[in-house]
Amino acid sequence: MARRGKKLIVAAAALLLGLSGAAAEDAKVNTIQDVFRHLRTCWKPPPPARARPLDITVVVSFNRSGNILGHPRITYESAEASDDDRLQYRVAVMEALQRCTPMPFTDAMAGAAAGRPFAIQFRNRKSSPDKTSPPTQERRA
């Protein structure tokens, strides 16, 4: 019975993952705001047990058909993050890009977006530093 239960859980997880991907694909991307909105639907940060929350920015370009053009490049990561935290978030960013591509561009947006770089910020820190604490140093990747 335990084996059957595990199979049902795996099947349910696969179904849920398939539905979330299908929902993201259904909405056509027609504006720059839609690009960011679409990518947010695919973002799944690492759980706090695996990595401390941090902010990360990736620059990525797409071709007319919505596939990634070239290699995405990490341009910013929170300075206070450890190397392990950075690795976990880099993997999460690349997984989000894989889940969201090809980007479902409308014909007009495909022409406008093709080859242009998008700097996408994935923010996961709950609060920003208060005004009384010393500013944190940004760390460029």
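Hydrogens, waters and symmetry mates play no part in the numbers below; they use all other heavy atoms, side chains included. For this chain, numbers begin at 1 and follow the sequence in order.
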Verdict with reasoning, Y89 to L54, per side chain to side chain contact (heavy atoms under 4.5 Å, CB included): CA-CA 8 Å; Y89 273 83; L54 66 92; 3.6 Å; yes
CA sep, side-chain torsions, deciding dist, call: V35, F105, side chain to side chain contact (heavy atoms under 4.5 Å, CB included): CA-CA 9 Å; V35 170; F105 290 134; 4.0 Å; yes
Stepwise side chain to side chain contact (heavy atoms under 4.5 Å, CB included) test for V93 and W43: CA-CA 7 Å; V93 165; W43 172 239; 3.7 Å; yes
Worked check of side chain to side chain contact (heavy atoms under 4.5 Å, CB included) between V60 and I120: CA-CA 8 Å; V60 63; I120 295 130; 3.4 Å; yes
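Closest approach of P102 to S65, counting heavy atoms only: CB-O, 3.5 Å. Pairing each heavy atom of I68 with each of G70, the nearest pair is CG2-O, 3.7 Å.
Distance OH/Y76 to CZ/F122: 15.0 Å, rounded to 0.5 Å. Going from atom CD of E95 over to atom SG of C100 covers 12.5 Å, rounded to the nearest 0.5 Å. Considering CZ of R99 and CG of L39, their distance stands at 11.0 Å, rounded to 0.5 Å.
When side chains are defined from C-beta on, K28 does not count as touching M109, because their heavy atoms never get closer than 4.5 Å. A heavy-atom distance below 4.5 Å is found between the side chains of D83 and R86. By the 4.5 Å heavy-atom criterion applied to side chains, I74 and M94 are counted as neighbours. Two residues are said to be in side-chain contact when any heavy atoms from C-beta on lie closer than 4.5 Å; M103 and H38 meet this criterion.
Put simply, the side chain of S78 gets close to the backbone of D55: a donor and an acceptor are under 3.5 Å apart. A distance-only check finds a donor-acceptor pair linking the side chain of D85 to the backbone of R52 [under 3.5 Å]. The closest donor-acceptor contact from the side chain of R116 to the backbone of F62 lies at 3.5 Å or more, if one exists at all. A donor-acceptor contact shorter than 3.5 Å is absent between the side chain of R73 and the backbone of V59. Remark: side-chain polar atoms of N67 are not paired, donor with acceptor, to backbone N or O of N63 under 3.5 angstrom.
At a threshold of 4.0 Å, the pair R90-E77 counts as salt-bridged, since one of the basic side-chain nitrogens sits closer than that to a carboxylate oxygen.
For S61, the side-chain hydrogen bond (donor to acceptor under 3.5 Å, both in side chains) test picks out no residue, with sequence neighbours left out. Residues meeting the side-chain hydrogen bond (donor to acceptor under 3.5 Å, both in side chains) test with D84, sequence neighbours left out: none.
Heavy atoms of other residues, nucleotides or ligands lying less than 6.0 angstrom from CG of D107 number 12 at most. Annotation: L87, atom CG; neighbour count of heavy atoms from other residues, nucleotides and ligands within 6.0 Å is above 12.
The hydrophobic cluster containing V58 also contains F36, counting ILVMFWY residues as joined when their side-chain heavy atoms lie under 4.5 angstrom apart, directly or transitively. There is a path of hydrophobic side-chain contacts, each under 4.5 Å, that joins F118 to L97.
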